[in-house]
There are 2 protein chains.
Amino acid sequence: MIVRQASPANLEFPFHTLSERLTPPGMFYVRSHFPVPQLDAAEWRLEVGGLTEQPLCLSLADLEAMTPRTLTATLECAGNSRSFLRPKVEGVAWELGAVSTAEWTGVPLAAVLERAGVLPGAVEVVLCGADRGCLEEPAKTPGVIAYERSLPLGKAQNDVLLVYAMNGQPLTPQHGFPVRAIVPGWYGMASVKWLTGIYVTNTPFQGFFQTLDYSYWQHRGPLSPQMTPLSVMRVKAQIARPAPGETLAAGQPYIITGAAWTGEAEITRVEVSTDGGLHWAEAELTDPAESHVWRRWRFAWQTPSTPGKATLLARATDSAGCTQPTQHAPGQGKYMITFPLPIAVRVE
Amino acid sequence: MIVRQASPANLEFPFHTLSERLTPPGMFYVRSHFPVPQLDAAEWRLEVGGLTEQPLCLSLADLEAMTPRTLTATLECAGNSRSFLRPKVEGVAWELGAVSTAEWTGVPLAAVLERAGVLPGAVEVVLCGADRGCLEEPAKTPGVIAYERSLPLGKAQNDVLLVYAMNGQPLTPQHGFPVRAIVPGWYGMASVKWLTGIYVTNTPFQGFFQTLDYSYWQHRGPLSPQMTPLSVMRVKAQIARPAPGETLAAGQPYIITGAAWTGEAEITRVEVSTDGGLHWAEAELTDPAESHVWRRWRFAWQTPSTPGKATLLARATDSAGCTQPTQHAPGQGKYMITFPLPIAVRVE
């Protein structure tokens, strides 16, 4: 793991080691805002309240007694690749590895909401983590706050899981033990870890991690841009090998590999440029298309016979017809970095 | 006028000159975010759209042909008295004079909304000003934006006026010529000047001046604090005379005067302390109680016979039973400064 911040732990999957579809055990990226809360599985309870017919207080045994569901999902931090932005921005300086894939097992949030009985007028479901604290500049929190994020009722009642197992094992403390949310197709900030509360509301939630953090300026209608919580992942391809700065042999065959992912569609095409974006050629997709899971790809390259520098790029297109933009939109600030990332290598 | 910022104009009413109930012509405080837009009354149009049966495009003559209404209202900038906060905060360093009272004439927003026909599902009405630009640090805008603020549909359909006259005269350029909103009982930021658009929405508006600016952290239910747009004015009394730092004659009668106001209630009581808050005594209210208008008051004081310093305070109570808090709540940041302001004077 690449340590971007030791405390709280912000650890990056070394993306150039990508080989399997599932990220190897212990290599899944870690994004933390506060220290890991120490939760006892036997004492742990999930409170479900707000606009519900009856509030619930569920134990881990209660959740495990419900019909389980398993799905594979890629999570990407909304700030992944932030270190490629110019000018530099605030926040954890992620390079390529704030993205990973795992198999998750748990209970549909929809089943829990149905048991509680969502009342008319509900518009959102707030997921509350046990992690809490203060953040300092530049985005200072209003005193001690918990990590809380909301989902529109429709998404919450669709495919969100409350998971207690990752790749068939109980969650580790850093990944949200004993129970976390998995919100397929959305940036990682929605998949709240150390889940202890679920709160149904009749107005959109305006907490710190929903408004000041993990939000961007979106144009809607004739008005000035509006602050909008990040949600669905945008289409993106990344090069795993060669790694940035790697030295390759001149005039040799080289297999460029990587992965591509998107939010609510499927990856249909990946293109590679080995000349800094002048020319593009199609890569081979080596994984089957599957919703919410990255698709690995490969591209056979003959390195230049003359020594020098080369800039490699990859870009993906999805089944909704979206292709990566050529530039970062300023309104997105330090999030959703999906322009094709220049991977500079040396040919010798 | 006291110039707090020359460009854009942020001008303070010299509150120690308070004498009449209406602020004298040319002395009403000015709060600007961008340069004054140059609007031609003949060419000016008010676009009304969004969730309406039929969009409208009204001229000034159209508005003047509607049944007019006149009301008196005190406006206070949400950052008034900011310079009394410790530690110091960002923003225009208002002292006592970002508050004034005028008589306003115009057309009920409700009548315009009725003519446009608000459709089911509407929740807010966004008021759009013609003033626009960028703000720099610390709260950087997403490019060029307009001054826009929203109101809940209920308030918009209640007592909000679209005004074209102030104290019987056409609005001056600095006060929103040719038409501005007046939102009685709310902090001044809601009374959008240079109004050119009214937009009915089905979700809460999340523009810059609604979320990052003119917003505060409010506790609601079991969740962490949520960013909440400022709205109703809080109860507050201010001392006009003596002015801060004034020198008074020892052992003499002195009439302390001032005004008090509140949002959706009426001022019922003002108390004064001449010893820094140890003892309080009731002041005499010299104006009748009237919704949305400040109430002047006076207090007869015998200054100490021994020379020295004295700290004077005033605090108000309203018909809703609210009294000014003793301290500024940190979650309110640089807004709603309503603790009793210490007016330090010298007795010689």
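Quick note on labels: first sequence line is chain A, next is B, and so on, each numbered from 1. Computed from heavy atoms alone, side chains included, the values below leave out hydrogens, waters and symmetry copies.
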Inset, instruction - Using a cut-off of under 4.5 Å on heavy-atom pairs, state which of A:Leu223, A:Thr228, A:Thr211 scores highest against chain B. - result: A:Leu223
Legend entry - chain A contact via B:Pro225 - which portion, at a heavy-atom distance below 4.5 Å: both
Legend entry - Centroid-centroid under 6.0 Å between B:Tyr214 and B:His33 rings: yes
Tabulate below the donor-acceptor pairs under 3.5 Å that side-chain atoms of residues 108-122 of chain A make, not counting sequence neighbours, or state none.
none

Inset, instruction - Assess the side chains of A:Gln210 and A:Ser150: does a donor N or O sit below 3.5 Å from an acceptor N or O? - result: yes
Legend entry - Contacting moiety of B:Arg220, where chain A heavy atoms sit under 4.5 Å: side chain
Inset, instruction - State, without any angle test, whether B:Asp213 and B:Tyr147 hold a side-chain donor-acceptor pair at a distance under 3.5 Å. - result: no
Legend entry - Intermediate values then yes/no, salt bridge (Lys or Arg N to Asp or Glu O under 4.0 Å), A:Lys155 and A:Glu264: CA-CA 11 Å; A:Lys155 180 70 177 175; A:Glu264 302 286 13; 3.0 Å; yes
Legend entry - B:Thr203, part contacting chain A, at a heavy-atom distance under 4.5 Å: side chain
Inset, instruction - Sort A:Tyr216 into side chain, backbone, both or neither according to what part of it lies under 4.5 angstrom from a heavy atom of chain B. - result: neither
